[in-house]
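In what follows, a single structure is set out as structure tokens and then discussed.
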Amino acid sequence: MKLPKILFPTLALFSLSAIGQTPQAALETSILDPVIVTATSLEQDVFDVPYTAHVINRERFLDQRSARTLADALSETPGVMVQRSGYGQASPFIRGFTGFRTLLLIDGIRLNNAVFREGPNQYFSTIDLFTVDRLEVVKGPSSVLHGSDAVGGTVNAITRGPEMLPWPEDAGYRKADTGYRKGEDSPAANYPVAGIRYPESFSFHPGGFYRYATAEESHTVRGEFSMAATPHVGLFGGVTWKDYGDLRGGDLIGDMPETGYSEIDGDVKMVFRPNKDVDITAAFQRVEQNNAPRTHSTIYGKSFDGTALGTDLRRDFDQLRELVYLQAEAREVTPWLSRATFSLSYHNQEEVQDRIRADGRRSVSGFEDQQYGVFAKFESPSPLGTLSYGVEYYRDEVSSHGRSYNADGSLRAIDPRGPVADDASYDLLGVYLQDQFKIGERVEITAGVRYSYAHAEADDVDPIPTDGLILGPLDKAFDAFTASLRARFDVTKEWNFFGGVSQGFRAPNLSDFTSFELARSGEQETPAEDLDEERYVSFEFGTKARIEPLHASLYAAYYYTLIDHQIVRFPTGRTIDGLVEVTRTNGGDGYVQGVEFGAEWNFYRGFHLFGTFNWQEGEVDVFESDVSVRRPLSRVAPLSGMAGLRWESAGGKWWLEGSASLARRQDRLAPGDVLDTQRIPPGGTGGYSVYAVRGGWRPTDYLSFTAAVENVTDEDYRIHGSGLNEPGTNVVLATRLKF
């Protein structure tokens, strides 16, 4: 175990306080108080769950920070590094992992599908941030509850819904000859009853949002509404239009051409509440992203600290994601069933890459993944405590395509398949059982087990049938049991220790087996026929405290994750179209470890000091000249932290905050990092110190204004592993209107 010789004291901006709080409410705000479901499947405060977890509310990432994308909303979270292959393609690294080793859920439904790639990918950017009410983040493996891919962490995007009218008894009404009179009680069994006069019979709340940023030359416009007709039915919907111009970097790199793109999104959600304890939800989301460039691999990229320039004339991506689902949740069903949740979903994800090489040859390739999902989850009292159990099943049906053109525009060939196998399918099944119970007054145990099964099939696997390397159909199945044992020890009601051991599991997907696309700089990835599942075991120990006399809260955690049979790339010794051919094998054993810290202190009425610190490092076996050697894990986040001070006026109409983000130089590079010359400078990515000032004014409950100056000193800097620099000095103006 190697710890850094000097851990510089840094704190990070991590406030969850909302605009409009009273001074007393602000004093009671804590980073450990919000309720989270994703960690244990039960509704618990972050303080009580035996994991390192975070809840990032809409008030923070939108009303205060005016974050641009979902990944940006995670950028202040310790242990998370947001890498950008392009300005429309951001991918969070959580505890050293990204891509298909982090799991993203939308209202509990998997966004991860059978074609998710290994390294940084753009799929976190296919969720409209305006659709999201809060983000629940659970660090480390959680495959017992969430199955394959939940290795580095799990992010659950809980989407917004209509503002429902209150039930009559909640509003203080009771049944009378002419309806309900305020101040009197009535049993819930009387509802719904014909002739009831509800406290409100209809509500309609339109709203809008506008954001402008100078360094992006971007405009974001959102129009939305929420309406409810009686307490039984509510409807919410909106449309978001985004237009991003070319990005401007710091004082030296300046304008970065061919980095802009456009996007249009829409969403609608209806909630039917037949009685107080049952919600039936139907929702639809659509995100369409057009011509999002991966600039670093083109001639328009700019060298930073010695990075190589690309040779492509164009490399743009179109993304389309559509999700429709029907969910039902029943509470207090019977004495032996506290909660039951059912979900049916259809998730369609499409991607098209348009690439023009240096010699003018053009290729257009893409895929469509149609995912059908169903799950049933239950919560019941057990002889020891509370039992959570359920079953989920997803089936992906994948088609892919490709065409190549000569430099004069004439059709050269219709490819037998695209970036992954054509006419393919992927089945994923999971059954889990978890019990949470107390031993005495101070110890709470959370123990669970899961059975997972995965099956990959594909007919058209061979991308080049004429090259002499014959690849037949794919038919592979995997299964595994995973377990987790976590505990919390309460020293007092406001101070605890937590920790335990959790297993992670990832079954190879269609991308592992059949990928045929550009990997790192100058590499062409080809299909791999013989792969096994990846396994992980993570140990964690931490503490959480709420110090009421000081109005302060903090947490600290150490984790160590063992990596077993991780799938890694290795060179075959051949070249394809001038690119080094790489494929995959289960050759990666290793580890990743780290330390995280977060704190918040209300040291005076209206003043908050808050922050985080993160250190991590890891190693894994890779192949060099056909020999397995232990090397640093790829793209591990550097030693980093942030510090912030926030002031809020009495009544919450005004607020102001300043923050500093710091990162040390990252020069512990994997062999693949060294070869990734278009993204990572020779010798590693430099450290940086970046400062921001934000403020806001809320003149009424219906109107708010936010202004920020980000990267005040106009510093040129790059997040480790990214394909382009972060914005230079960026003035962000936003306003939100709600009636």
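Computed from a prediction, not measured in an experiment: that's the story for all the values here. Numbers here simply count residues along the sequence, with the first being 1.
- Dense packing is recorded around OH of Tyr210, with more than 12 heavy atoms of other residues, nucleotides or ligands lying under 6.0 Å away.
- Counting heavy atoms from C-beta outward, Glu368 and His401 have side chains that stay 4.5 Å or more apart.
- Residues Val287 and Leu320 form no side-chain contact, since every pair of their non-hydrogen atoms from C-beta on lies 4.5 Å or further apart.
- For Glu136 (side chain) and Thr38 (main-chain N/O), a donor-acceptor pair under 3.5 Å exists by modelled atom type.
- By the ring-ring contact (aromatic ring centres under 6.0 Å, His included) test, Tyr212 pairs with His219, sequence neighbours left out.
- Ion pairing between Arg698 and Asp63 fails under the 4.0 Å rule for side-chain N and carboxylate O.
- Using a 4.0 Å cut-off between a side-chain N of Lys or Arg and a carboxylate O of Asp or Glu, Glu216 and Arg211 qualify as a salt bridge.
- The side chain to side chain contact (heavy atoms under 4.5 Å, CB included) search around Ala292 returns Gln89, Tyr261, Gln289, not counting sequence neighbours.
- Here the side chains of Thr154 and Leu105 are in contact, with some heavy-atom distance below 4.5 Å.
- With hydrogens and angles disregarded, a donor-acceptor distance shorter than 3.5 Å links the side chain of Asp107 to the backbone of Thr159.
- Among residues two or more places apart in sequence or in another chain, the ring-ring contact (aromatic ring centres under 6.0 Å, His included) test is passed with Trp697 by Trp654, Phe705.
- A donor-acceptor contact under 3.5 angstrom links the side chains of Thr40 and Gln44, judged on distance only.
- Scanning for salt bridge (Lys or Arg N to Asp or Glu O under 4.0 Å) contacts around Glu224 gives Arg160, Arg222, with sequence neighbours left out.
- The salt bridge (Lys or Arg N to Asp or Glu O under 4.0 Å) search around Asp265 returns Lys242, not counting sequence neighbours.
- For Arg60 and Glu657, the salt-bridge test passes: some basic side-chain N is under 4.0 Å from an acidic carboxylate O.
- Here Lys738 pairs with Glu163 in a salt bridge; the nearest charged N to carboxylate O distance falls below 4.0 Å.
- The shortest distance between side-chain heavy atoms of Ser125 and Leu70 does not fall below 4.5 Å.
- Side-chain contact check for Val55 versus Val35: every heavy-atom pair is 4.5 Å or farther apart.
- Taking the ring-ring contact (aromatic ring centres under 6.0 Å, His included) definition, one finds that Phe317 meets it with nothing, sequence neighbours left out.
- Glu379 and Arg331 are not joined by a salt bridge, as no carboxylate oxygen comes within less than 4.0 angstrom of a charged side-chain nitrogen.
- Within the 4.5 Å cutoff, the side chain of Phe378 has no heavy atoms near those of the Leu387 side chain.
- Every residue was checked against the side-chain hydrogen bond (donor to acceptor under 3.5 Å, both in side chains) condition with Thr102, not counting sequence neighbours, and none meets it.
- With sequence neighbours excluded, no residue forms a salt bridge (Lys or Arg N to Asp or Glu O under 4.0 Å) with Asp369.
- Going from atom CG of Leu62 over to atom CD1 of Ile56 covers 13.0 Å, rounded to the nearest 0.5 Å.
- When each of Glu288, His347, Gln349 is tested with Arg321 by the rule side-chain hydrogen bond (donor to acceptor under 3.5 Å, both in side chains), just one qualifies, namely His347.
- Salt-bridge formation is detected for the pair Arg65/Glu76: a Lys NZ or Arg NE/NH1/NH2 atom is positioned less than 4.0 Å from an Asp or Glu carboxylate oxygen.
- With sequence neighbours left out, Gln370 forms a side-chain hydrogen bond (donor to acceptor under 3.5 Å, both in side chains) with Tyr346.
- In terms of the ring-ring contact (aromatic ring centres under 6.0 Å, His included) criterion, Phe284 has no residue partners (sequence neighbours excluded).
- The shortest side-chain heavy-atom distance between Leu428 and Tyr393 does not fall under the 4.5 Å cut-off.
- Applying the side chain to side chain contact (heavy atoms under 4.5 Å, CB included) criterion to Val431, with sequence neighbours excluded, gives Val391.
- Between the side chain of Arg273 and the backbone N or O of Val278 there is no donor-acceptor pair closer than 3.5 Å.
- At distances below 3.5 Å, not a single donor-acceptor pair connects side-chain atoms of Asp318 with backbone N or O atoms of Val352.
- Remark: Ser511 engages Arg117, Asn509, Ser515, Arg584 in a side chain to side chain contact (heavy atoms under 4.5 Å, CB included) (not counting sequence neighbours).
- Gln371 and Glu397 are not linked by any side-chain donor-acceptor pair at a separation below 3.5 angstrom, with hydrogens and angles left out of the test.
- Remark: side-chain polar atoms of Asn57 are not paired, donor with acceptor, to backbone N or O of Glu59 under 3.5 angstrom.
- Judged by the 6.0 Å distance and 45° axis criteria, Arg68 is positioned over the aromatic ring of Tyr244.
- Classification of Glu332 and Arg339 as a salt-bridged pair fails, no side-chain N sitting under 4.0 Å from a carboxylate O.
- At a threshold of 4.5 Å between non-hydrogen side-chain atoms, the residues Phe93 and Gln83 count as touching.
- Look at Asp427 and Arg395 and you find a salt bridge, because one of the NZ, NE, NH1 or NH2 atoms lies within 4.0 Å of a carboxylate O, short of that distance.
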